[in-house]
Amino acid sequence: MKRIALIALGVLAASTGAFAQTPDIDTPLLALAANLREGAGVVKWKPDHTYDTLKKSTNGLVCYDRSGFPLQQPFSLECTAEGNLPRVKQNLDAEALGDKMKSEARLTEQEKAGTRVKPVFGSVWYHLMGPDKDHPRSHMTIAVPGATQASMGLPENGRGGGVWIMSAGTTTAHLMTPGE
């Protein structure tokens, strides 16, 4: 009888392990073009805004799911350069305040204090977001921290209809493209 009980418990333990969920590494990669997905890494952010690496990057890009995070849309994926993860952590810390004005005030305070982490110059931020996974829109920006019209020769507003610098002169400066 003991053997049967032990065998039954062993089978139960094995079957429970087989049904345990594995981390989703495919969904966050959807924010990238198909040709970039294979080499991109995937991280999962923890509540304290540290992360676990679910898949190592071989191309310098890393993706993560921000769905359900404060100040994010219900479906929200993001990918960027691995070197930008410290800045993402700052963003998550600020957004955890749960109020857009408070979040922006904290980031502005860091900017003024010189403690705002700069993104990697020229790195791309890929976003796929929307009310649900079936109705997303993509958005892409290119980080150019500190860039101004004088330094790059691009306008600092979108009135001209071409590429322009948003948040010029700050660590948040990035290139915006029409139609994005």
Side-chain angles (χ1 to χ4, degrees), residues 19-108 117 119-120 122-144 154-155 157-167 170-180:
F19 291 110
Q21 287 188 333
T22 57
D24 179 6
I25 62 169
D26 295 326
T27 299
L29 297 171
L30 295 175
L32 291 175
N35 64 327
L36 298 175
R37 292 177 189 160
E38 185 177 327
V42 176
V43 299
K44 180 171 179 52
W45 290 98
K46 299 179 193 179
D48 67 353
H49 304 139
T50 58
Y51 60 86
D52 289 323
T53 300
L54 304 180
K55 178 186 175 214
K56 285 191 150 269
S57 175
T58 60
N59 66 4
L61 294 173
V62 64
C63 300
Y64 37 92
D65 191 338
R66 296 185 69 183
S67 303
F69 284 27
L71 306 182
Q72 295 299 310
Q73 293 193 31
F75 179 73
S76 182
L77 308 176
E78 189 171 84
C79 301
T80 191
E82 284 180 290
N84 289 335
L85 289 176
R87 185 175 177 93
V88 174
K89 181 187 182 333
Q90 275 189 331
N91 293 345
L92 295 174
D93 289 343
E95 291 169 3
L97 297 172
D99 178 275
K100 188 168 177 68
M101 289 180 64
K102 288 179 182 177
S103 172
E104 288 178 9
R106 174 170 292 172
L107 296 174
T108 298
V117 176
V120 176
S123 61
V124 181
W125 294 76
Y126 303 89
H127 305 269
L128 188 65
M129 61 206 153
D132 56 54
K133 67 179 181 172
D134 297 322
H135 300 94
R137 79 171 192 89
S138 63
H139 181 64
M140 184 185 338
T141 60
I142 301 170
V144 288
L154 293 170
N157 64 58
R159 288 182 227 128
V163 173
W164 59 285
I165 305 168
M166 184 172 197
S167 303
T170 70
T171 65
T172 306
H174 57 279
L175 300 182
M176 296 291 290
T177 57
E180 265 287 309

- Item | Result of checking Gln72, Arg66, Glu78 against His127 for side-chain hydrogen bond (donor to acceptor under 3.5 Å, both in side chains) | Glu78
- Task: Supply the atom-to-atom distance Ser57 OG to Leu36 CG, rounded to the nearest 0.5 angstrom.
- Result: 10.0 Å
- Message: Using a 3.5 Å distance criterion without hydrogens, assess whether the side chain of Asn84 forms a donor-acceptor pair with backbone atoms of Val120.
- Response: yes
- Note: Cys63 and Ala40 closest approach over all heavy atoms is SG-CB, 4.3 Å
- Distance in Å, Gln73 CD paired with His135 NE2, rounded so as to fall on 0.5 Å steps: 13.0 Å
List, one per line, each side-chain donor-acceptor pair under 3.5 Å for residues 25-35, sequence neighbours excluded.
{"from": "Thr27", "atom 1": "OG1", "to": "Asp24", "atom 2": "OD1", "distance (Å)": "3.4"}
{"from": "Thr27", "atom 1": "OG1", "to": "Asp24", "atom 2": "OD2", "distance (Å)": "2.4"}

- Mind jotting down which residue pairs meet the salt bridge (charged side-chain N to carboxylate O under 4.0 Å, His left out) criterion with at least one end in residues 41-52? Sequence neighbours excluded, please. Lys46-Asp52
- Nearest heavy-atom contact between Gly98 and Pro70 is CA-CB, 4.4 Å
- Message: Just verifying a value: how many Å separate Glu95 CD and Lys102 NZ, rounded to the nearest 0.5 Å?
- Response: 15.0 Å
- Message: Looking at Ser76, is its backbone amide N or carbonyl O close enough to the side chain of Ser67 to form a donor-acceptor pair, meaning the two atoms are under 3.5 Å apart?
- Response: yes
- Start with the C-alpha gap between Asp134 and Phe75, add the side-chain angles, then the distance that decides, and say whether side chain to side chain contact (heavy atoms under 4.5 Å, CB included) holds. CA-CA 9 Å; Asp134 297 322; Phe75 179 73; over 6 Å; no
- Quick one: closest heavy-atom pair of Ile165 and Ala173, and the distance? CG2-CB, 4.1 Å
- Can you find a heavy atom in the side chain of Val124 that is under 4.5 Å from one in the side chain of Thr141? no
- Check Tyr64 against Thr80 and note the closest heavy-atom contact, atom names and distance. OH-CG2, 3.8 Å
- Message: Between Thr171 and Arg87, is there a side-chain donor-acceptor contact under 3.5 Å, judged purely by atom types and distance?
- Response: yes
- Does Thr53 use its side chain to pair, donor to acceptor, with the backbone of Val43 at less than 3.5 Å? no
- Looking only at atom types and distance, does a side-chain atom of Asp93 sit under 3.5 Å from a main-chain N or O of His49, one as donor and one as acceptor? no
- Query: For Phe69, does the CZ atom sit with more than 12 other heavy atoms under 6.0 Å from it, leaving out its own atoms?
  - Reply: yes
- Can you tell me how far CG of Leu92 sits from CH2 of Trp45, rounded to the nearest 0.5 angstrom? 5.5 Å
- Shortest non-hydrogen contact from Ala81 toward Leu61: N-CD2, 4.2 Å
- Measure the spacing between CG of Asp65 and CG of Leu128 and express it to the nearest 0.5 Å. 10.0 Å
- Note on the structure: For Glu82, the side-chain hydrogen bond (donor to acceptor under 3.5 Å, both in side chains) test, sequence neighbours excluded, returns none
- Any chance you could measure Asp99, atom CG, to Leu71, atom CG, to the nearest 0.5 Å? 7.5 Å
- Item | Least distance between heavy atoms, Asn157 atom then Trp164 atom | O-CB, 3.1 Å
